[in-house]
Protein chains: 2
Amino acid sequence: MITSETRAETRSETREEPLSIGEVAARTGLSVHALRFYEREGLLVGPVRRSTGGRRRYAACDVEWLLICVKLRESGMPLAELKRFAELVRQGPGNEAERLQLLDAHRRRVDAQITALEECRSVITWKVDVYAEHLARGEAAGLWDPTA
Amino acid sequence: MITSETRAETRSETREEPLSIGEVAARTGLSVHALRFYEREGLLVGPVRRSTGGRRRYAACDVEWLLICVKLRESGMPLAELKRFAELVRQGPGNEAERLQLLDAHRRRVDAQITALEECRSVITWKVDVYAEHLARGEAAGLWDPTA
DNA sequence: CTACGATCTGGAGTGAGGTCTAGATCAAGT
DNA sequence: ACTTGATCTAGACCTCACTCCAGATCGTAG
């Protein structure tokens, strides 16, 4: 990893040289395995270019797309839906309404998730406070209460 | 389900009659399969009582515990950790510090999750806005931009 | 030239978290 | 007694999202 990183960095830090799979892995947080897997699954918009030797050479826009994928996955979008989105983008212009619909539906699910998590947090916080108070009062008061 | 629900409700709405597995499933949102699975995995604090015929009879405190489990699971606590927590509670008083630590660590993870989700949401919202604006301007301007 | 690390392919394996099946039993209504 | 629906057990099976392996190839450094 030092080798390739070094090579890329010494060459040009801001130029849009294509990146190796390892470099993309480092930039996206995905593993090289996951990158190949995503490609096989059709989650990428375009086919990834290859070097003469057959190695993948990712363009800047591939990385951008992958960074979006990461965010969508991180927020719980299933791969199947991500694939659907990739297909729409791949088809080109004309289906923006459907893309919007897909993303907006996901946004609403994310909102719901956040709301749910906030409620979980309040339950957990309450429980944490119960224990903290319990410990503050000294352990002597420890009568076994299954709800506490 | 009508049978058992009806039976329970006509008898006493607020009494602490033990509940059948189906009733507990309805109250917790877990499937009866999941309830048996959780039991097998040692995620419950006490062993569930059985009727003479061998059916599970859940007490009110079993349900309370399960409702907490649901919240912890919903917020991403792995079953292994939930099991650890159940073990601590099962052991009785004396380990409150450890329970507190476990829950507090989880609370911090939930906070991190919420933060991450909020960032995802802002990325998605931005993308949604891009498409919305695109559509508002009319579809004519549709030049294929892989980043949009 | 040799070594070594990164990458290639196809396919098998993993872990989490359930879900489902079969075949039997229980309990309530008619 | 009979039917119907809920429950029982043990264990097989499933989905998801990767992850890993074997065995070959590429490409740079020494």
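As a basis for the values below, the full set of heavy atoms in this structure was taken, side chains included, without hydrogen atoms, waters or symmetry mates.
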Checklist outcome for this item: Counting primed atoms, P, OP1 and OP2 as sugar-phosphate and everything else as base, the B/S/- map of nucleotides 9-23 of chain C against protein heavy atoms under 4.0 Å is B-B-----SBBBB--

Next on the checklist: Walk me through whether Lys71(A) and Leu67(A) qualify under side chain to side chain contact (heavy atoms under 4.5 Å, CB included).
Outcome noted: CA-CA 6 Å; Lys71(A) 283 299 175 198; Leu67(A) 288 172; over 6 Å; no

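- Checked against Val45(A) for a side chain to side chain contact (heavy atoms under 4.5 Å, CB included), the options Ile68(A), Leu66(A), Leu88(A), Val89(A) give a single hit: Val89(A).
- A salt bridge (Lys or Arg N to Asp or Glu O under 4.0 Å) with Glu81(A) holds for exactly one of Arg99(A), Arg73(A), Arg109(A); it is Arg109(A).
- At whole-Å resolution of the value, CD1 in Ile21(A) and C1' in dT19(D) are 13 Å apart.
- A distance-only check finds no donor-acceptor pair linking the side chain of Gln113(A) to the backbone of Asp111(A) [under 3.5 Å].
- Between Arg55(B) and Arg55(A), the residue anchored nearer the 5' end of DNA chain C, judged by the nucleotide with its closest heavy atom, is Arg55(A).
- Side-chain atoms of Glu41(A) never come within 3.5 Å of backbone atoms of Lys83(A) as a donor-acceptor pair (strictly under, hydrogens ignored).
- Proximity of Ser20(B) to the phosphate of dT7(D): a side-chain N or O atom is located under 4.0 Å from OP1 or OP2.
- Taking the centre of each ring, Trp65(A) and Phe85(A) come in below the 6.0 Å mark.
- Atom CG of Leu35(A) is separated from atom P of dA17(D) by 16 Å (rounded to the nearest Å).
- Straight-line distance from the CD atom of Glu74(A) to the C1' atom of dC18(D): 16 Å, rounded to whole Å.
- For Glu39(B) and dA10(D), the CD to C1' distance is 14 Å, given to the nearest whole Å.
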